[in-house]
**Student:** 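Have a look at this one before I ask anything.
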Amino acid sequence: MIFEFGPYCVDVDVERTRRWYETEPTASQRCNCDGCVNFDRAADLFPESVKSFFASLGVDAKKPIEVYVNYTNRDGTLSYGGWYHLCGTLLAEGSDTWQVGKGAPLGPRGFQIWFREDCHIVQENCPRPVLQMELNADIPWVLEKEHTYERERN
């Protein structure tokens with residue numbers, strides 16, 4: 001299925017992607033650090049526009065291949081980065097380069113995505129061809145304990 005999103009045009013096999021994600025672990029099943037556990041729980045609170053976008057691609061938002069905290073924003077949310085794999089290809093010429101600030105916004109403030117064919121940590125059982133969707137998101141801390149992530153620097 002062809003999707004046009006911001007500057008990107010991608011061809012995704014939604015059903016193969018969805019079937020693969022059915023057996024993949026969540027962020028907190030891959031890693032039990034506080035950042036991953038928080039991401040897992042906060043994903044349930046993502047805006048509907050974000051949830052719908054992920055679902056339309058066959059991706060389970062709670063199951064990133066990699067997720068990490070960059071820092072704590074001034075408003076108290078955490079700046080997360082990470083990526084997901086999809087069965088698909090990038091059709092838009094020259095749009096597969098990560099450029100901070102050039103990603104397509106995904107709903108509310110703090111959600112941006114990029115697509116690239118240069119994939120990292122591709123599992124053997126991941127359906128081919130593989131397309132990587134990178135995520136930058138400002139996500140609230142939802143765990144009941146304090147976090148220790150460094151504040152954003154000026």
Side-chain angles (χ1 to χ4, degrees), residues 1-31 33 35-73 75 77-142 149 152:
M1 176 176 262
I2 306 293
F3 293 89
E4 290 186 31
F5 187 72
Y8 302 99
C9 183
V10 296
D11 185 2
V12 177
D13 186 329
V14 175
E15 286 310 310
R16 284 184 70 201
T17 300
R18 182 174 288 123
R19 281 193 307 271
W20 183 67
Y21 271 98
E22 287 173 357
T23 61
E24 284 302 294
T26 64
S28 65
Q29 290 169 330
R30 284 185 194 278
C31 171
C33 76
C36 288
V37 173
N38 185 71
F39 184 90
D40 221 1
R41 294 191 186 157
D44 290 330
L45 307 174
F46 284 176
E48 285 306 315
S49 61
V50 173
K51 290 179 185 179
S52 295
F53 177 77
F54 276 77
S56 71
L57 295 171
V59 175
D60 186 331
K62 293 179 78 158
K63 298 180 176 184
I65 304 308
E66 178 68 35
V67 69
Y68 50 87
V69 176
N70 293 308
Y71 50 82
T72 303
N73 294 308
D75 67 0
T77 59
L78 298 178
S79 171
Y80 273 88
W83 62 82
Y84 299 82
H85 288 152
L86 300 84
C87 179
T89 56
L90 182 63
L91 301 178
E93 184 71 29
S95 295
D96 64 343
T97 303
W98 172 281
Q99 295 179 32
V100 175
K102 300 259 181 174
L106 181 60
R109 171 187 147 324
F111 279 88
Q112 290 187 314
I113 58 110
W114 292 259
F115 292 96
R116 62 190 294 163
E117 290 181 324
D118 176 21
C119 301
H120 304 289
I121 314 174
V122 179
Q123 295 88 336
E124 225 175 88
N125 67 338
C126 185
R128 303 308 200 261
V130 180
L131 180 64
Q132 186 162 297
M133 181 176 75
E134 301 208 17
L135 171 74
N136 237 7
D138 296 335
I139 296 174
W141 184 256
V142 297
Y149 293 101
E152 174 182 26

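Remember, it's a predicted structure, so these values are computed and weren't measured experimentally.
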**Student:** Under 3.5 Å, side chain of Tyr149 to main-chain N/O of Gly35, donor-acceptor pair present?
**Tutor:** yes
**Student:** More than 12 heavy atoms of other residues, nucleotides or ligands under 6.0 Å from CZ of Arg41: is that the case?
**Tutor:** no
**Student:** Using every non-hydrogen atom in the two residues, find where Cys31 and Cys36 come nearest and quote the distance to one decimal.
**Tutor:** O-CB, 3.3 Å
**Student:** Compare all side-chain heavy atoms of Glu117 with those of Leu131 and state whether any distance is below 4.5 angstrom.
**Tutor:** yes
**Student:** Side chains of Lys62 and Asp44, heavy atoms from C-beta outward: is any pair under 4.5 Å?
**Tutor:** yes
**Student:** So, do Trp83 and Trp114 sit near enough that their side-chain heavy atoms are less than 4.5 Å apart?
**Tutor:** no
**Student:** Look at Glu66 together with Arg30 and state whether they make a salt bridge at an N to O cut-off of under 4.0 Å.
**Tutor:** no
**Student:** May I ask you to test the Asp40-Val67 pair for a side-chain heavy-atom distance under 4.5 Å?
**Tutor:** no
**Student:** Once the angle between the rings of Tyr84 and Tyr21 is folded into 0 to 90°, is it parallel (under 30°), tilted (30 to 60°) or perpendicular (over 60°)?
**Tutor:** tilted
**Student:** Looking at Cys9 and Ile2, what are the two nearest heavy atoms and their distance?
**Tutor:** SG-CG2, 3.7 Å
**Student:** Any side-chain heavy atom of Ile139 within less than 4.5 Å of one from Thr77?
**Tutor:** no
**Student:** Do other residues, nucleotides or ligands put more than 12 heavy atoms under 6.0 Å from the CD atom of Gln29?
**Tutor:** yes
**Student:** Less than 4.5 Å apart, any side-chain heavy atom of Phe111 and any of Ser49?
**Tutor:** no
**Student:** Is there a side-chain contact between Leu78 and Phe39 (heavy atoms, below 4.5 Å)?
**Tutor:** no
**Student:** Using modelled atom types and a 3.5 Å cut-off, is there a donor and acceptor pairing between side-chain atoms of Arg18 and backbone atoms of Ala55?
**Tutor:** yes
**Student:** Please identify each residue that fulfils side-chain hydrogen bond (donor to acceptor under 3.5 Å, both in side chains) with Arg19, with sequence neighbours left out.
**Tutor:** none
**Student:** Which distance, rounded to the nearest 0.5 Å, do you find between the CZ of Arg116 and the CG of Leu90?
**Tutor:** 11.0 Å
**Student:** Less than 4.5 Å apart, side chain to side chain, heavy atoms only: is that true for Phe53 and Val59?
**Tutor:** no
**Student:** Check the pair Phe3 / Ser56 against side-chain contact (heavy atoms from CB on, under 4.5 Å), numbers first and verdict last.
**Tutor:** CA-CA 9 Å; Phe3 293 89; Ser56 71; 3.9 Å; yes
